[in-house]
Amino acid sequence: MGIDFYISLSLVISLILFFYIFLSGFIFGAGYEPTPRNVVNRMIELAELKGDETVYDLGSGFGRIIIEISKRYPNIKCIGIEIDPLKVAWTRFVLRRNRLKAIVIRANLLKYDLRNADVIFTFLYPGLMEKLGKKLLSECTKKVRVVSYYHEIPFIRPVLIDHRHRIFVYDFYPHS
Ligand SMILES: C[S@@+](CC[C@H](N)C(=O)[O-])C[C@H]1O[C@@H](n2cnc3c(N)ncnc32)[C@H](O)[C@@H]1O
């Protein structure tokens with residue numbers, strides 16, 4: 001096979017990837033934009049993680065947050081929830097290659113049982129944040145800390161705001 005074949009193959013693969021990334025927003029309801037690395041570091045700092053907690057990244061994308069957390073905190077139970085199968089497959093590949101304990105589950109975050117969560121990370125569009133806020137208010141059975149990049153939960157007052165990085169921190173408590 002000549003060099004032309006490989007050039008054409010790379011072009012076809014690039015086109016497929018381009019359209020996948022572009023169209024996945026329409027197919028799965030949200031596009032992909034990773035949380036910037038400096039923001040990930042600050043989010044982890046604000047989450048004040050403890051060794052034995054259960055931590056979720058809702059809409060985990062290609063796994064940037066769960067990979068970083070499981071590298072730093074090997075004992076934390078770290079779970080990514082992601083609706084897009086390609087991102088799930090890639091994240092599983094990276095986790096396996098790096099022998100990290102985090103897992104990623106292909107699911108709709110609004111239908112997933114989050115009652116065992118201690119900390120939740122998010123970078124989701126506003127409509128989803130509102131639905132997630134309502135879900136946590138009605139379902140949480142213990143205190144849950146939510147650390148959100150960029151978008152707020154509209155009807156809940158954050159316990160902390162990092163204006164520079166646009167991070168909002170919320171504490172949810174179960175109904176008494
Ligand atoms: C802006 S990206 C954030 C990715 C990742 N948290 C990060 O910071 O690198 C949002 C992700 O949420 C996923 N997503 C959107 N709606 C979802 C849903 N209902 N359930 C699960 N994942 C969803 C998208 O596929 C996308 O990968």
Side-chain angles (χ1 to χ4, degrees), residues 16-47 49 53-73 76-98 100-140 144-154 158 161-162 164-170 172:
I16 291 172
L17 277 177
F18 174 79
F19 280 109
Y20 184 85
I21 288 167
F22 179 71
L23 288 175
S24 64
F26 296 101
I27 300 169
F28 300 111
Y32 180 68
E33 199 186 322
T35 307
R37 290 211 180 270
N38 64 323
V39 177
V40 171
N41 290 336
R42 184 68 179 135
M43 287 172 87
I44 293 175
E45 203 176 306
L46 292 175
L49 300 178
E53 286 178 322
T54 299
V55 174
Y56 284 88
D57 181 18
L58 299 182
S60 52
F62 289 103
R64 180 171 282 187
I65 289 180
I66 59 169
I67 288 166
E68 191 56 37
I69 293 174
S70 47
K71 277 182 181 164
R72 292 193 202 181
Y73 300 90
I76 273 187
K77 192 171 175 209
C78 192
I79 302 153
I81 303 294
E82 172 56 54
I83 204 161
D84 177 344
L86 185 76
K87 291 168 192 154
V88 171
W90 175 258
T91 308
R92 285 185 183 151
F93 168 73
V94 176
L95 290 171
R96 213 171 302 131
R97 205 186 50 184
N98 290 286
L100 296 170
K101 264 175 40 191
I103 58 167
V104 60
I105 294 169
R106 185 178 175 240
N108 181 343
L109 64 94
L110 293 175
K111 296 189 177 151
Y112 196 80
D113 183 349
L114 295 166
R115 277 175 298 181
N116 66 342
D118 295 298
V119 180
I120 291 175
F121 289 86
T122 60
F123 174 20
L124 298 166
Y125 65 86
L128 262 186
M129 289 305 291
E130 182 169 355
K131 288 180 185 154
L132 175 65
K134 287 182 182 156
K135 176 178 166 67
L136 291 175
L137 276 181
S138 68
E139 287 178 11
C140 76
V144 189
R145 170 157 279 209
V146 177
V147 183
S148 173
Y149 172 51
Y150 216 86
H151 295 297
E152 295 178 67
I153 300 175
I161 304 177
D162 178 334
R164 189 155 88 92
H165 297 92
R166 228 188 135 97
I167 300 170
F168 305 91
V169 181
Y170 301 88
F172 284 79

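In each ligand, atom 1 is the first atom listed, and ligand 1 is the first ligand listed. Bear in mind that the values here come from a model prediction, so they are computed numbers and not experimental data. What you see below is based on every heavy atom in this structure, not just the backbone, and it leaves out hydrogens, waters and symmetry mates.
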Contact check, A107 vs ligand 1, heavy-atom distance below 4.0 Å: yes

Exceeds 12 heavy-atom contacts within 6.0 angstrom, atom NZ of K135: yes

V40 contact mode with ligand 1 (heavy-atom cut-off under 4.0 Å): neither

Separation between CZ of R115 and CD of E139, rounded to the nearest 0.5 Å: 7.0 Å

Sub-4.0 Å atoms of ligand 1 with respect to non-hydrogen atoms of K87: 25 (O), 26 (C), 27 (O)

Minimum-distance pair of heavy atoms, taken over all atoms of A107 and I81: O-CG2, 3.6 Å

Any side-chain heavy-atom pair of F172 and V146 under 4.5 Å: yes

Interfacing atoms of ligand 1 (cut-off 4.0 Å, heavy-atom, P34): 9 (O)

side-chain contact (heavy atoms from CB on, under 4.5 Å) partner of V55, the single match among I65, I44, V147, L49: L49

Nitrogen or oxygen of E33 less than 3.5 angstrom from that of ligand 1: no

Cationic N near anionic O, under 4.0 Å, K71 to E68: no

Inter-residue atom distance M129.CE - F168.CZ, 0.5 Å rounding: 9.0 Å

Residue N108 vicinity, atoms of ligand 1 by number, heavy atom under 4.0 Å: 18 (C), 19 (N), 20 (N)

Polar side chain donor-acceptor pair, Y149 to D162, under 3.5 angstrom: no

Under 4.0 Å to a heavy atom of T35 - the qualifying atoms of ligand 1, by number: 7 (C), 8 (O), 9 (O)

N41 and R72 side chains, donor-acceptor separation under 3.5 Å: yes

Under-4.0 Å heavy-atom contact with ligand 1, by part of D57 that carries it: side chain

Atoms of ligand 1, numbered as shown, that sit under 4.0 Å from any heavy atom of L124: 12 (O)

Distance filter under 4.0 Å to I65 heavy atoms, resulting ligand 1 atoms: 8 (O)

Y125, any N or O under 3.5 Å of ligand 1 N or O: no

Side chain, backbone, both or neither: L110 near ligand 1, heavy atoms under 4.0 Å: neither

For F123, the ligand 1 atoms whose distance to one of its heavy atoms is below 4.0 Å: 1 (C), 2 (S), 3 (C), 10 (C)

Residue part near ligand 1, for L128, under 4.0 Å between non-hydrogen atoms: side chain

